[in-house]
Trainee: 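Have a look at this one before I ask anything.
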Amino acid sequence: MSELNKIVMKIVSKGKGILAADESTGTMSKRLDSVGVKSTSDSRLSFRETLFSSEGMKNFIGGVILYDETIKQTTSSGVKIPELINKSGAVTGIKVDTGAKDLSGSRSEKITEGLDGLRDRLKEYYTLGARFTKWRAVYSISSSTPSKLSLISNAHALARYASLVQEANMVPIVEPELLMDGNHDIKKCYEVTAEILKICYEQLDLFKIDLSGTILKPNMILPGKDCEKKASTEEIAEMTVNCLKESVPNKVPGIAFLSGGQSELEATKNLNTINKINNTNFIMTFSYGRALQQSALKYWGKNQKDIINTKKIFNHRSKMNNLSVKAEWSEQKESQTAA
Ligand code: 5MM
């Protein structure tokens, strides 16, 4: 087992998943605004340290993805954030892309930036305690997208990123996200996701990436948000498992889904059904941002002093997703534990 594979397994084994807390300041400010809290570096830290110091971290969270600001912060009791995360048994991760910018040569698509100076930034993040990283490419479906230009250029950037990260002895999370926006049906999402993944793995192969030391963070196969024909959880699970089986090389040990705008319950339920029928060798877990944090944030927005109950809400969500990874979640357990 390589060192990188050991890190992967520490993150995704035992039903554990990833807490994506890597919202850039702009996104985090929108999230805080939505619950009536002014976004400052202190308020961002305060909510995040509440989550990172909760009980749920120990049993259910194998890794936390941080943003540049957070990895350099220290808690109110003087503990460095990576230390706090490591103390709970989870691995510290860091988002290293600098965001999706307009793709020159395309009218509406994005290219993820952040390769310039990345080798040096990785050294710094390693020293700060990071052992895995994340880079997110975004694609959308319309009559003319995703274009070949977007498919190839984003995959190429993901592979260059992954190569630099492995060179720095860290695990790259490869996140090609096909957005849910649009009225396309589930079949279209399947076809486009398969194509995105195929091109990503061609580029990763070109750069000789050690796939056993990577984690894939894909979207589930879902109909577009505005599609009239809704899909059942069984249909979503079956198409997701089939698509990944067909498009992802066997050497990839772990797949950690993004929630992508699904509600907390949908994301949990779909992951549970996926794991009920998972007939692959991939560990299928979660790397949720909104689907792990939404309820806790909403409560904390109104009750900032009530750390205990904010933590309880986060613990519950983490536990429900841990049950889903083990295909043991049920609506009954959801309501019993919540009560
Ligand atoms: C947590 O949000 C991450 C990105 O934030 P920015 O847009 O501010 O950079 C995002 O990459 C996230 O990690 C993934 O999309 C998964 O989050 P969701 O909420 O879709 O599970």
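First listed ligand is number 1; within each ligand, the first listed atom is number 1.
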Trainee: We want to know whether T70 and R48 form a side-chain donor-acceptor pair, criterion being a heavy-atom distance below 3.5 angstrom.
Mentor: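 Yes, because at least one side-chain N or O of T70 sits under 3.5 Å from a partner of the opposite role on R48.
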
Trainee: Out of R290, M28, Q262, K217, who gets a non-hydrogen atom closest to atom 16 (C) of ligand 1?
Mentor: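 Closest candidate by heavy-atom distance is K217.
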
Trainee: Could you identify the single nearest non-hydrogen protein atom to atom 17 (O) of ligand 1 and state the distance to 0.1 Å?
Mentor: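 Sorting protein heavy atoms by distance from atom 17 (O) of ligand 1 puts G289 N, 3.7 Å first.
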
Trainee: Is it true that the side chains of S39 and D33 contain a donor and an acceptor less than 3.5 Å apart?
Mentor: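 There is no such pair (donor and acceptor under 3.5 Å, judged by atom type) between the side chains of S39 and D33.
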
Trainee: Pick one: which of T92, L45, I61, L66 meets side-chain contact (heavy atoms from CB on, under 4.5 Å) with F52?
Mentor: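 The residue from T92, L45, I61, L66 that satisfies side-chain contact (heavy atoms from CB on, under 4.5 Å) with F52 turns out to be L66.
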
Trainee: Which heavy atom in S287 sits nearest to a heavy atom in K217, and how many Å separate them?
Mentor: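 Looking at all heavy atoms of both residues, the shortest contact is OG-NZ, 2.8 Å.
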
Trainee: Need the ligand 1 atom indices (1-based, order shown) with element for anything under 4.0 Å from a heavy-atom of S24.
Mentor: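 Near S24, the atoms of ligand 1 are 6 (P), 8 (O), 9 (O).
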
Trainee: Report the part of R136 in contact with ligand 1, treating N, CA, C, O as backbone and CB onward as side chain, heavy atoms under 4.0 Å; options are side chain, backbone, both, neither.
Mentor: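 It is the side chain that touches ligand 1; the backbone stays farther off.
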
Trainee: For atom 18 (P) of ligand 1, find the nearest protein heavy atom and state the residue, atom name and distance (0.1 Å precision).
Mentor: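 That would be S259 OG, 3.3 Å.
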
Trainee: Any idea which atoms of ligand 1 are less than 4.0 Å away from a heavy-atom of T27?
Mentor: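 Counting atoms of ligand 1 from 1, those under 4.0 Å from T27 are 6 (P), 7 (O), 8 (O).
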
Trainee: Whether E69 and K72 form a salt bridge (side-chain N of Lys/Arg under 4.0 Å from carboxylate O of Asp/Glu) is what I want to check.
Mentor: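 Looking at E69 together with K72, the answer is no, because their closest N to O distance does not fall below 4.0 Å.
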
Trainee: Are F282 and M220 joined in one hydrophobic group, where the rule is that I, L, V, M, F, W and Y side chains link up if heavy atoms are under 4.5 Å apart?
Mentor: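 Both belong to a single hydrophobic cluster.
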
Trainee: How close does the nearest protein non-hydrogen atom get to atom 14 (C) of ligand 1, and which residue and atom is it?
Mentor: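 The answer is E175 OE2, 3.2 Å.
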
Trainee: Students should be able to answer this: which protein heavy-atom is nearest to atom 1 (C) of ligand 1, and at what distance?
Mentor: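 For atom 1 (C) of ligand 1, the nearest protein heavy atom comes out as D22 OD1, 3.4 Å.
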
Trainee: Rounded to the nearest 0.5 Å, how far does CG of D68 lie from CZ of R121?
Mentor: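 Between atom CZ of R121 and atom CG of D68 there are 7.5 Å.
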
Trainee: Please classify the K134 to ligand 1 contact at 4.0 Å (heavy-atom distances, strictly less than): side chain, backbone, both or neither.
Mentor: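 Within the 4.0 Å criterion, K134 contacts ligand 1 through side-chain atoms alone.
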
Trainee: Of all the atoms in ligand 1, which lie at a distance below 4.0 Å from a heavy atom belonging to Y288?
Mentor: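 Per the distance check, 21 (O).
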
Trainee: Could you establish whether G260 and ligand 1 come within less than 4.0 Å of each other, counting only heavy atoms on the residue side?
Mentor: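 Flag set, G260 near ligand 1.
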
Trainee: Relative to the heavy atoms of L258, which atoms of ligand 1 are at a distance of less than 4.0 Å?
Mentor: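 It comes down to these atoms of ligand 1: 16 (C), 21 (O).
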
Trainee: Under 4.0 Å from any heavy atom of E23, which atoms of ligand 1 are there?
Mentor: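 Checking each atom against E23, I get 1 (C), 2 (O), 5 (O), 8 (O).
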
